[in-house]
Structures are given as C-alpha cells and as structure tokens.
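What follows is a single structure, written as structure tokens, with notes after it.
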2 protein chains.
Amino acid sequence: MSDGKTIPTLDDVARAAGVSTATVSRCLNTPDRVVEKTRTKVLAVVEALGYTPNFGARAMAAKRTYTIGAIIPTMENAIFARGLQAFQEALHARGYTLLVSSTGYQAEVEAEQIRALVARGADGLLLIGRARDPSIYAFLRNRSVATLIAWTFEAGSQQPAVGFDNHAAMKALASAVIDQGHRRIGLISGTLDGNDRATARHAGIRDALTEHGLDPDDLPVIETSYEVENGGAAFETLMQRTPRPTAIMCGNDVLAVGAMKRARDMGLRVPEDVSITGFDDIELARIVTPELTTMRVPHQEMGRRAAEELVNLLEGTSPGAVIELDCALKLRGSLGPPPS
Amino acid sequence: MSDGKTIPTLDDVARAAGVSTATVSRCLNTPDRVVEKTRTKVLAVVEALGYTPNFGARAMAAKRTYTIGAIIPTMENAIFARGLQAFQEALHARGYTLLVSSTGYQAEVEAEQIRALVARGADGLLLIGRARDPSIYAFLRNRSVATLIAWTFEAGSQQPAVGFDNHAAMKALASAVIDQGHRRIGLISGTLDGNDRATARHAGIRDALTEHGLDPDDLPVIETSYEVENGGAAFETLMQRTPRPTAIMCGNDVLAVGAMKRARDMGLRVPEDVSITGFDDIELARIVTPELTTMRVPHQEMGRRAAEELVNLLEGTSPGAVIELDCALKLRGSLGPPPS
DNA sequence: GCATAAAATGTAAGCGCTTGCATTTTGCAT
DNA sequence: ATGCAAAATGCAAGCGCTTACATTTTATGC
C-alpha cells in the first residue's frame with residue numbers, strides 16, 4: 001500500500017480518513033467515544049497504512065506507558081523464571097507490558113536499572129526483596145512510581161508486598177531435618193550481604209536449632225553465589241569438617257543440586273551417607289536422583305498476585321496491601337535419617 | 001534538595017544553571033562541545049536536582065533510543081538464558097540497553113511483540129530462527145530496524161545472522177549414535193511447525209540414517225513442546241513400540257532429561273537398556289545421572305557475536321554478515337552400545 | 001417544528017527533548 | 001588594539017501524540 005520509507009503518523013491517518021487527529025486518537029484509545037461509522041472508517045485506514053502509534057510520543061502526551069518494570073537478580077537460573085512468567089501473563093491480561101532486567105545481585109546495578117526503567121516511563125516496578133538504600137525508595141516516591149516488593153514478607157512492612165516468610169519457611173524445613181535425627185547440620189547459603197531472603201533463611205535455621213536445644217553457633221555456614229558449581233565446592237568443604245555433618249541444607253535448589261552432584265562424585269550416597277535439602281522447589285528439584293527435599297515457594301501465585309496488586313496500586317484501586325503466601329514442605333528422597 | 005513532587009526537566013536544570021536548554025542537552029550528550037567550566041556547573045545542578053532525562057522525549061527528538069529488543073520463544077527453561085545473558089552484557093558494554101520478551105513459541109505473539117518493540121523505538125532486534133511471515137520482514141525493513149537472526153544458520157541466507165547449522169549438528173550426533181551400533185532409533189522432537197531449528201534437526205537425523213544405509217522412514221517421531229514432562233511422556237510412548245528402540249534422541253536437553261527421568265521411573269537403565277541424547281548442552285545436561293550425551297551449542301559466543309554484529313549493523317559499520325559458529329559433540333554417559 | 005441537552009468531532013496547546021542555524025565569546029595573529 | 005576564524009552558546013522549530021475546551025451534529029420531548 002504505502003510507497004516506501006515513510007512511517008505513517010497519526011496525522012497521516014487523520015488526513016487519509018478525513019477526520020481530525022483527535023478522532024483517530026480516540027478511536028484507538030477510547031473507541032466508545034466515537035460513533036461506529038467513523039470508527040470503522042478510521043480503523044480501516046489504520047490497517048491500510050500499517051500505522052503503529054509512536055510509543056515515546058504517546059508516553060509524553062499521556063504521561064502513562066502501561067509498562068511495568070521488573071528487576072530481578074538473575075535470569076541465569078530458574079529461580080525467578082516461573083514467577084516472572086506468571087507475572088507477565090497476568091500483566092498482559094490487564095493490558096500492561098513487562099520490561100525485565102537483571103542485576104547479577106549487584107546493588108549499584110540495580111539502582112542504575114531502576115533509574116533506567118523510571119526514565120523509560122515505567123508506571124510501576126516489581127522489586128525483589130526489601131533491602132536497599134533508602135534514597136532509592138525516596139526517588140521512587142518522588143517520581144510516584146508504584147512499587148511492589150516480592151519474594152519476601154515481613155509483617156511490619158509498610159511497603160506494599162507480595163511474598164512469603166523466608167524465615168519461617170526455612171525454620172520449618174530445618175525442624176524437619178532435626179526431627180529426622182540430624183544433629184550436625186551444615187548450611188550452604190547464598191551471599192548474605194544485601195540479600196534479605198538469604199539472611200532470613202539463615203536466621204530461620206538458627207532459630208530452629210535453638211528451639212530444639214542445639215547451639216546455633218555450631219552451624220557451619222558457607223556463603224557463595226547461587227551457582228551449581230559453587231554448591232558443589234561448598235559441599236566438599238563442609239564435608240571435610242570433623243565431625244562430618246550428616247545433613248547439608250542449602251539456600252536454594254540450585255546450590256543443593258550442585259551439592260548432590262558433588263556428593264555423587266565423592267562417592268557419598270544421598271541420603272544414606274548425607275542428607276541434602278534445597279529451597280524453592282524449582283523443576284530441577286524433581287529431576288535429580290534422589291528427588292530433592294525442599295520448600296515449595298508458590299512462585300506462580302506470587303507472580304500472579306504481584307501483578308494484580310501492582311496494577312491495583314498504580315491505578316489507585318487499592319492502597320497497597322502486604323500479602324503473605326504460604327510455602328509447603330516437600331519431603332523427598334534426599335532427606336533421610338543420619339547414618340548410624 | 002528539591003521540595004517535593006515535581007520531576008525536574010531539562011528546562012529546570014537550564015534555569016537553575018543559568019544556561020539554555022541546548023547547553024544542558026549538550027552537556028549530557030556531547031560533553032566535548034561544551035567548555036569545561038559550564039559543564040561542571042551544569043552537571044552539578046543535574047546532580048543536585050536529581051534530574052533524569054525523559055526517555056520518551058529524548059527518543060522522539062533524537063529518533064534513536066540505544067535500545068535493542070530480543071524476542072525469544074521462552075524464558076521458562078534455560079535454553080536461551082545463557083546466550084541472552086552474554087548478549088546483554090556485550091550490548092551494555094557498547095552503551096545499549098536490552099529489552100526482552102518471550103512468545104511461548106506462538107507466531108502471532110511474536111508478531112505482536114515485534115510491533116511493540118518497534119513502537120518503543122528499538123534501534124535493533126534480535127530474533128530467533130528465520131521462519132516467519134515475509135510481511136514481518138517487510139515491516140522491519142520499512143521501519144529500518146536493524147534485524148539479526150540467531151540460533152540458526154543457513155548458507156544461502158541474505159538476512160544478517162549469527163548461528164549454527166542445526167542440520168549438520170544433529171546429523172553428526174545421529175551418526176555418533178549409529179556408530180555405537182544403534183539401528184532402532186526414536187526421536188522426541190520439539191514442535192516442528194514454524195520452528196526451523198527443530199525442522200533442521202529432524203532432517204539431520206534422517207540424513208544420517210540414509211547415509212548409513214538405514215531407512216529414514218523407520219524413524220518414529222513424537223512432536224511435543226519443550227517441557228520436561230512432555231519428554232517423559234513421549235519417551236514412554238516410544239518405548240512401547242515393538243520392536244523397542246534402543247536409542248532415543250531428543251530435540252533438546254530439556255526433553256532428554258524428561259526422558260531420562262521417565263526411564264528411571266520405568267525401571268530402565270541408561271545407557272544399558274536404552275541410550276538417550278539431547279541437544280544444547282545446557283547446565284542440566286551435566287546435572288543428571290548419567291550425564292547427557294548432547295551437542296554443545298556455543299550459546300555465550302553466539303550472544304556476544306550477535307551483539308557485536310547487531311550494533312555494527314545499526315551503526316552502519318558493517319553491512320551485516322552471516323556468521324556460522326561450530327557446535328561440539330559431547331559424548332557422555334547417557335549414550336552406550338545397544339543392549340545385546 | 002423548535003428549543004435544549006447530549007453526543008460526536010474539531011482545535012490547538014502542550015509533553016520534554018534534540019539540533020540546525022544564528023549569535024556571541026574567545027583565542028590569536030597581526 | 002584590531003580583525004577574524006573557531007569555539008561556545010542560545011534560539012526556536014519540531015518530534016507524534018493526548019486531551020481540555022470549543023464547536024458542530026444528533027436525538028429528545030413538547
């Protein structure tokens with residue numbers, strides 16, 4: 001139809017349809033404010049010209065982008081994938097577009113990404129965890145960007161959030177391990193600094209130990225970033241201690257899988273020689289042999305609810321709630337009684 | 001510093017610094033066109049006011065966004081994660097921002113996403129695979145959006161691309177299987193329709209069979225979407241055939257892992273009772289027991305090279321090359337001789 | 001048919017930024 | 001000091017869209 005390189009604008013459509021640009025705009029944004037006959041005609045022209053509204057111009061004029069940004073620590077492993085997928089689907093259903101970026105667990109990168117997304121006109125932001133510089137929250141408030149925090153929950157928080165209680169969940173898992181008879185437990189934790197989820201999980205184990213009359217200071221902890229390989233290395237280090245731990249708890253499933261693989265390489269049987277637990281219950285947990293005992297995090301529901309809440313928040317429908325979701329203990333083959 | 005809800009604009013900065021908006025703009029974009037003294041003063045004001053340029057306005061005025069869009073079939077599993085990560089890093093180093101969206105392997109969704117990214121002003125696009133409606137390519141050309149195709153390679157193609165030869169790679173893998181002595185092979189393929197990678201891999205196996213004097217029409221094929229669970233189900237179906245296949249080749253590692261898990265559940269030993277192969281060599285391949293025989297795809301390099309090529313292309317540095325990368329056969333425990 | 005309210009459409013003022021061109025400053029050679 | 005080219009800065013016209021407000025058309029009740 002069109003004869004070359006010119007990108008059609010609203011103006012072109014208006015001229016071709018013999019109406020004003022306002023009418024064309026209304027056909028696209030508030031179709032019910034335009035009489036059917038006009039609308040049909042305009043939309044036909046839109047189609048014929050292959051018109052696509054210019055996003056930047058629209059954002060500038062409307063001060064609204066229908067865009068939500070999500071900033072996650074990493075895309076490399078599956079921890080956030082499923083939740084984000086659900087988030088994205090729910091958003092799409094509400095007419096919003098999702099922009100994702102990752103930080104590699106680096107606070108400065110996150111700050112940069114937040115600015116970038118805000119500059120891009122994101123109407124709302126999904127952030128993982130609560131721990132970050134107050135100036136960031138101030139900035140977000142100042143720019144009136146609706147912000148929701150996910151993957152974590154804390155009763156006292158005033159920030160709108162959809163999450164789960166990392167502390168309680170890990171405590172429950174640790175209790176299950178202790179109930180199996182384990183007394184010498186080791187922890188392979190994700191990096192604690194600046195990661196409130198990892199910190200809460202660590203504290204959860206310590207509390208469980210205390211509650212069962214064990215000394216939390218006896219818990220050896222190795223901190224490492226969330227990669228399979230690191231889980232393996234940490235496992236090997238922990239198993240060299242005397243007396244040897246009978247159970248290794250891991251900050252997430254990825255680390256746990258790394259630990260399991262290394263156990264196999266070291267000729268240790270799981271769970272006969274050593275029990276291993278994870279956290280998250282991602283797909284991986286059921287792929288390995290034996291299947292991994294872990295804490296199931298309701299990723300999909302979290303993503304879905306987060307989308308709903310965030311949209312409500314920025315559309316002013318809701319004042320912003322703090323929602324807690326439940327985790328579920330998944331007892332599987334990787335946890336057994338300690339060797340006798 | 002600032003007293004409330006107003007978002008500072010270029011104008012505010014200009015006024016506060018006692019210069020024109022043009023000068024402020026130049027301080028930000030072409031600092032060497034501004035004398036040092038002015039620049040220092042302006043940047044101080046920028047800092048003090050917490051000014052962030054409005055992306056939409058900038059895009060509209062400059063017709064350039066320094067944004068690259070990538071549209072991948074799925075984020076759910078790790079197939080594209082690593083390559084994308086490398087792509088993103090290389091892009092970042094060149095001063096570009098990456099926007100990612102996924103399609104769930106649905107062509108219409110992809111078309112929609114392409115339009116959305118173009119409307120958002122993406123300077124360039126990374127697309128997976130070549131198979132798509134010509135009108136999409138026409139649209140992209142018309143809008144002069146630099147487009148690069150990845151994950152696939154075909155000598156004749158005129159579209160700039162960075163990829164590997166799916167056909168040859170799978171043929172090599174199939175030859176390795178046949179060389180082990182397997183004569184009854186089954187294939188669990190990803191959905192073929194609209195997926196040129198899956199189609200090429202399928203054809204590669206058939207060619208290998210032919211070349212070894214076997215009838216490619218004897219190859220039972222189950223098509224399914226790339227999910228662990230589906231790999232398992234397909235495996236079970238294939239193994240119910242008489243005579244039973246001695247080797248199951250899979251369209252990717254995710255399907256293969258599903259097959260391995262199901263084999264275990266069915267009481268079949270790998271590779272003693274049945275051999276299984278994958279494709280991609282994602283992390284998963286080395287996590288399972290036994291480790292998976294698969295074809296290593298140079299994801300990271302592909303991402304990196306794609307970023308370089310795409311930037312060169314849209315900056316006019318390069319006319320757009322077609323680059324082929326090599327895959328590497330990874331023979332591991334999951335492939336053995338057929339049971340005798 | 002006519003007045004009047006309601007619905008549909010048009011007019012035009014921005015939104016915040018970049019950039020070609022005009023103007024002012026500066027640096028230097030004379 | 002003076003003149004002149006080069007460097008620095010300012011001016012102002014858009015970029016493509018939305019939307020308050022003004023105007024025109026249509027529908028309604030008598």
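Source: prediction; values computed, not measured. Values below: all heavy atoms of this structure, side chains included; hydrogens, waters and symmetry mates excluded.
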>> Using a 4.0 Å heavy-atom cut-off, does B/S25 contact any base of the nucleic acid, only the sugar-phosphate backbone, or nothing at all?
In response: base

>> Check whether A/T147 reaches the backbone of A/V145 with its side chain - one donor and one acceptor, N or O, closer than 3.5 Å.
In response: yes

>> Rounding to an integer number of Å, can you tell me how far B/L10 CG sits from D/dT9 C1'?
In response: 15 Å

Polar atoms only, N or O, under 3.5 Å: list the protein pairs with nucleotides 9-12 of chain C and their distances.
{"residue": "C/dT9", "atom": "OP1", "partner": "A/T38", "partner atom": "OG1", "Å": "2.3"}
{"residue": "C/dT9", "atom": "OP2", "partner": "A/V35", "partner atom": "N", "Å": "3.0"}
{"residue": "C/dG10", "atom": "OP2", "partner": "A/S20", "partner atom": "N", "Å": "2.9"}
{"residue": "C/dG10", "atom": "OP2", "partner": "A/S20", "partner atom": "OG", "Å": "3.1"}
{"residue": "C/dG10", "atom": "OP2", "partner": "A/T23", "partner atom": "OG1", "Å": "2.6"}
{"residue": "C/dG10", "atom": "N7", "partner": "A/R26", "partner atom": "NH2", "Å": "2.8"}
{"residue": "C/dG10", "atom": "O6", "partner": "A/R26", "partner atom": "NH1", "Å": "3.4"}

> Starting at CG of A/D11 and ending at P of D/dC15, how long is that distance when rounded to a whole Å?
Replying inline: 9 Å

>> Would the distance check show the side chain of A/T30 and the main-chain N or O of A/D32 forming a donor-acceptor pair, the cut-off being under 3.5 Å?
In response: no

>> Has B/R39 got a side-chain atom pairing as donor or acceptor with B/V34's backbone, closer than 3.5 angstrom?
In response: yes

> Is there a donor-acceptor pair closer than 3.5 Å between any side-chain N or O of A/Q113 and the backbone N or O of A/S102?
Replying inline: yes

> Rounded to whole angstroms, how far apart are CG on A/D32 and C1' on C/dA8?
Replying inline: 13 Å

> Taking the side chain of B/A61 as heavy atoms from C-beta outward, which of C/dC17, C/dC15, D/dT19 is closest to it?
Replying inline: C/dC17

>> Can you confirm whether more than 12 heavy atoms, excluding those of A/R33, are under 6.0 Å from its CZ atom?
In response: no

> Under the 3.5 angstrom rule, does the side chain of B/D196 hit a backbone N or O of B/R130 as a donor-acceptor pair?
Replying inline: yes

>> Rounded to whole Å, please give me the gap between CD1 in B/I7 and P in C/dG16.
In response: 8 Å

> Roughly, in whole Å, what's the span from CG in A/N29 to P in D/dT19?
Replying inline: 7 Å

>> Are more than 12 heavy atoms, taken from residues, nucleotides or ligands other than B/Y66, located less than 6.0 Å from that residue's OH atom?
In response: no

> Roughly, in whole Å, what's the span from CZ in A/R64 to P in D/dT19?
Replying inline: 10 Å

> Can you list, by residue number, the residues of residues 51-58 of chain B that have a non-hydrogen atom closer than 4.0 angstrom to DNA chain C?
Replying inline: B/Y51, B/P53, B/N54, B/A57, B/R58

> Does a side chain donor of either A/D11 or A/T9 reach within less than 3.5 Å of an acceptor in the other side chain?
Replying inline: no

>> Tell me whether the count of non-hydrogen atoms from other residues, nucleotides or ligands lying under 6.0 Å of CZ in A/R64 goes above 12.
In response: yes

> Does the side chain of B/F55 reach to within under 4.5 Å of the side chain of B/T65, using non-hydrogen atoms?
Replying inline: yes

> Can you tell me if CD on B/E47 sees more than 12 non-hydrogen neighbours from other groups inside 6.0 Å?
Replying inline: no

Under 3.5 Å, which N/O atoms of the protein pair with N/O atoms of nucleotides 22-28 of chain C?
none

> Atom CD of B/E36 and atom C1' of D/dT9: how far apart are they, to the nearest Å?
Replying inline: 17 Å

>> Measure NZ/A/K63 against P/D/dT18 and give the value in whole Å, please.
In response: 14 Å

> A/K37 side chain N/O closer than 4.0 Å to the phosphate oxygens (OP1, OP2) of C/dA8?
Replying inline: no

